[in-house]
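Here is the structure we will look at, set down as structure tokens.
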2 protein chains.
Amino acid sequence: MGVKKNEKSGERCALQEILGIIGGKWSMSIIYALFSGKKRFSELERMVPNINTRMLVKELKNMEANGIVKREVFATVPPTVEYTLTTKGEKLEPIINELYKWGLEYVN
Amino acid sequence: MGVKKNEKSGERCALQEILGIIGGKWSMSIIYALFSGKKRFSELERMVPNINTRMLVKELKNMEANGIVKREVFATVPPTVEYTLTTKGEKLEPIINELYKWGLEYVN
DNA sequence: GCACAATACTTTACTTTTGAAAGTGGTTAC
DNA sequence: GTAACCACTTTCAAAAGTAAAGTATTGTGC
């Protein structure tokens, strides 16, 4: 009987699933950096302050797996890898901008 | 020269500051639970699936310190503690709802 | 012809944060 | 008198994050 813990878990867990994808410490900052167009790995490293290489790799992989960013490799020398937002990722722009505005008004 | 790493760091760090407050794994789920009005500690524990006591305490303290939730203690038996959103916290409602809608459309 | 730089990562060692579980203290219900 | 309720607190192991160095490939300067 009743293995489910919570009738509302469907709704609530959806939010948690979302936060599992973009709720981490770095995801939104990376997405924010990508609003201004495609970026190379090293550009993102410079644009997102205090992030370290390992975390940037991890977050990009995670977001790629979740269809938020697209990764394109070009066999140049030195190698070029370009990251862009997918449509799904672009749809986050107004939300992140609103969050940013909220912060300007209420943080500090 | 040039000790500053990034001219844009002012802007970018603001976003990171915001995410430091509400960008964790649990904050938004707790805020979401509080949209429907004041809640007691144990109610929140039941409403936010999979959170553990320790994390709920930590997040509530953090959000209280950041002026997002208000904590009120009533000397009843057993003790009653009520948590509510401040105005600042309430202003997050449209943003979190938009995020939720984004998830419904794009997650899965 | 060899050190050095650039790119896009990977690896290793270590610190911090998180999670699960049990405990606390006061009171009431059974 | 034992169990339950509430709002936490404590403890300890596991997971996640950070810093720093390493890898592979090629191009440039000396």
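Just so it is clear: chains get the letters A, B, ... in the order the sequence lines come, proteins before strands, and each one is counted from 1. Values below: every heavy atom of this structure, side chains too, minus hydrogens, waters and symmetry copies. Owing to the predicted nature of the structure, the values given are computational and were not obtained by experimental measurement.
- Residue whose closest nucleotide on DNA chain D sits further toward the 5' end, between Pro79(A) and Gly24(A): Gly24(A).
- What separates NZ of Lys61(A) from P of dC9(C) is a distance of 8 Å, to the nearest Å.
- Looking at heavy atoms from C-beta onward, Leu99(A) lies in side-chain contact with Met28(A) at the 4.5 angstrom threshold.
- Distance, Asn50(A) CG to dA20(D) P: 13 Å, rounded to whole Å.
- Within the structure, every side-chain polar atom (N or O) of Lys58(B) is placed at least 4.0 Å from both OP1 and OP2 of dT9(D).
- In this model, the phosphate group of dC9(C) is not approached by any side-chain N or O of Thr53(A) to a distance below 4.0 Å at OP1 or OP2.
- The CE atom of Met55(B) sits 14 Å away from the P atom of dT10(D) (whole-angstrom rounding).
- Listed candidates were dC8(D), dT18(D), dA7(D). Nearest to the side chain of Arg71(B) is dC8(D).
- Computed from coordinates, the Leu56(A) CG to dA8(C) P distance equals 11 Å when rounded to whole Å.
- Of the candidate nucleotides dA7(D), dG19(C), dC9(C), dA7(D) has the atom nearest to the side chain of Phe41(B).
- The residues Glu72(B) and Lys70(B) are annotated as salt-bridged, a charged nitrogen and a carboxylate oxygen being separated by less than 4.0 angstrom.
- OP1 or OP2 of dT17(C) has not a single side-chain nitrogen or oxygen of Trp26(B) nearer than 4.0 Å.
- The phosphate of dT7(C) (OP1 or OP2) has no side-chain N or O of Tyr83(A) nearer than 4.0 angstrom.
- Between Arg46(B) atom CZ and dA7(D) atom C1' there is a gap of 12 Å when expressed in whole angstrom units.
- Spacing between atom CG of Leu60(B) and atom C1' of dA7(D) amounts to 11 Å, rounded to whole angstrom units.
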- Item | Residue pair Asn50(A), Trp26(A): steps toward the side chain to side chain contact (heavy atoms under 4.5 Å, CB included) verdict | CA-CA 10 Å; Asn50(A) 306 318; Trp26(A) 300 109; 4.1 Å; yes
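- Taking only side-chain atoms of Arg40(B), from C-beta outward, the nucleotide of dC6(D), dA20(C), dT9(D) with the closest atom is dC6(D).
- Using modelled atom types, no side-chain atom of Glu90(B) and backbone atom of Thr87(B) make a donor-acceptor pair closer than 3.5 Å.
- Of the side-chain N and O atoms in Lys25(B), none sit less than 4.0 angstrom from OP1 or OP2 of dG17(D).
- Using a cut-off of 4.0 Å between Lys/Arg side-chain N and Asp/Glu carboxylate O, Glu98(A) and Lys101(A) are scored as salt-bridged.
- Note on Phe74(A): nothing from the nucleic acid sits closer than 4.0 angstrom, heavy atoms only.
- Spacing between atom CG of Asn52(A) and atom P of dA8(C) amounts to 17 Å, rounded to whole angstrom units.
- Contact annotation: Lys39(A) side-chain N/O to dT7(C) OP1/OP2 distance is not under 4.0 Å.
- With hydrogens and angles ignored, the 3.5 Å screen pairs no side-chain donor or acceptor of Lys88(A) with any backbone N or O of Leu85(A).
- With distances taken from any side-chain atom of Val81(A) to the nucleotides dG27(D), dA8(C), dG19(C), the minimum falls on dA8(C).
- Residue Thr76(B) is out of contact with every strand shown, counting any heavy-atom pair closer than 4.0 Å.
- The Val57(B) side chain lies nearest to dT9(D) when the options are dT9(D), dT7(C), dC6(D).
- A residue-by-residue look at Pro78(A) and Arg54(A) shows that Pro78(A) has its nearest nucleotide of DNA chain C further toward the 5' end.
- To the nearest angstrom, P of dG19(C) lies 13 Å from CD of Glu45(B).
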